[in-house]
Amino acid sequence: MSRPVNPNRSTYPNYPDRLEPIRQSILAHLSNDPSTYSQEIFKISNCRYRSLCRSIYCPYCLHSGGHSFYRAVLQASMGLPRHRLCFATFAVRDVPLAALRAACKEIMASTRKTFSKLETAHYACHLETSFEKWSEDYHPHAHALIDSPSGGRRFISPDQWETQWLHSLPPDLRPRETGTHVKPVRDLAAACSYLSKSPFHEWVAGRTARTIATIQATKGLHKVIQRGHLAA
């Protein structure tokens with residue numbers, strides 16, 4: 001016996017209802033320049049009929065990839081002593097869209113340099129780019145879950161993280177305020193979830209173009225770094 005049809009469900013039966021408005025907004029935006037985005041439009045239009053389309057703009061594939069990253073990092077970190085885990089944010093100053101790609105490249109290079117200089121061998125790091133609601137600037141930064149001693153001879157203080165991060169950055173990208181926030185992990189699942197969130201996690205109608213611009217700016221960059229115990 002066939003399953004009843006839900007009239008409120010998307011015309012794409014395998015696509016999650018909650019992501020359908022985002023998908024429609026993305027397709028509408030990409031359709032403004034079909035000569036450039038025809039392949040991506042085709043992928044997203046047919047996503048979930050047979051398999052994931054893996055378009056860099058597809059909200060379902062981005063969500064699915066983030067969830068896989070979440071499971072891998074959570075599983076890798078659950079067996080580690082909780083008192084050694086910390087959650088860090090590494091930021092640069094806000095930049096215009098024209099400078100966003102260069103800033104993101106520098107963030108990825110500088111995080112590697114910072115971890116190396118501070119002899120931190122176990123971490124999972126993720127590049128994120130958001131934008132400020134009250135300006136046209138973009139806010140690139142990296143989040144990291146780090147296995148680091150909480151005391152003793154190898155303890156890394158907040159001042160050491162800040163000093164090394166600023167030293168790794170070129171002067172024109174150094175933030176006007178604090179560049180690093182390193183805190184103990186209180187809720188491991190929440191930290192892993194925050195680390196792995198999709199670019200569309202705070203999607204609001206009308207901001208699709210800006211979110212797509214951040215995805216384009218980071219296309220081809222290594223958005224995830226995993227090392228040591230936290231490597232998947």
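Residues take their numbers from the sequence shown, with the count starting at 1.
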Between Gln164 and Thr114: side-chain donor-acceptor atoms closer than 3.5 Å: no

Ring geometry between Phe87 and His143 (parallel below 30°, tilted from 30 to 60°, perpendicular above 60°): parallel

Neighbour count >12 (heavy atoms, 6.0 Å) for atom CD, Gln75: no

Heavy-atom closest contact (Leu195 atom, His126 atom, distance): O-ND1, 3.0 Å

Student check: side-chain heavy atoms of Leu127 and Thr111 closer than 4.5 Å: no

Thr129-Thr214 side chain donor-acceptor pair, cut-off 3.5 Å: no

Close side-chain approach of Trp203 and Pro21, heavy atoms under 4.5 Å: yes

ring-ring contact (aromatic ring centres under 6.0 Å, His included) partners of Phe131, counting only residues at least two apart: none

Donor-acceptor pair between Arg112 and His222 side chains, under 3.5 angstrom: no

Salt bridge (charged side-chain N to carboxylate O under 4.0 Å, His left out): pairs with one or both residues in residues 93-107, sequence neighbours excluded: none

Cation-pi check, Arg210 onto Tyr138 ring (under 6.0 Å, within 45° of axis): yes

Side-chain H-bond candidate by donor/acceptor type, Ser110 with Trp165, under 3.5 Å: no

Aromatic plane relationship, Tyr37 with His29 - under 30° parallel, 30 to 60° tilted, over 60° perpendicular: tilted

Please set out all donor-acceptor pairs under 3.5 angstrom arising from side-chain atoms of residues 182-191, sequence neighbours excluded.
unit_1	atom_1	unit_2	atom_2	d
Asp187	OD1	Ala189	N	3.3
Asp187	OD1	Ala190	N	3.1

Closest heavy-atom pair and its distance - His139, His141: O-ND1, 2.9 Å

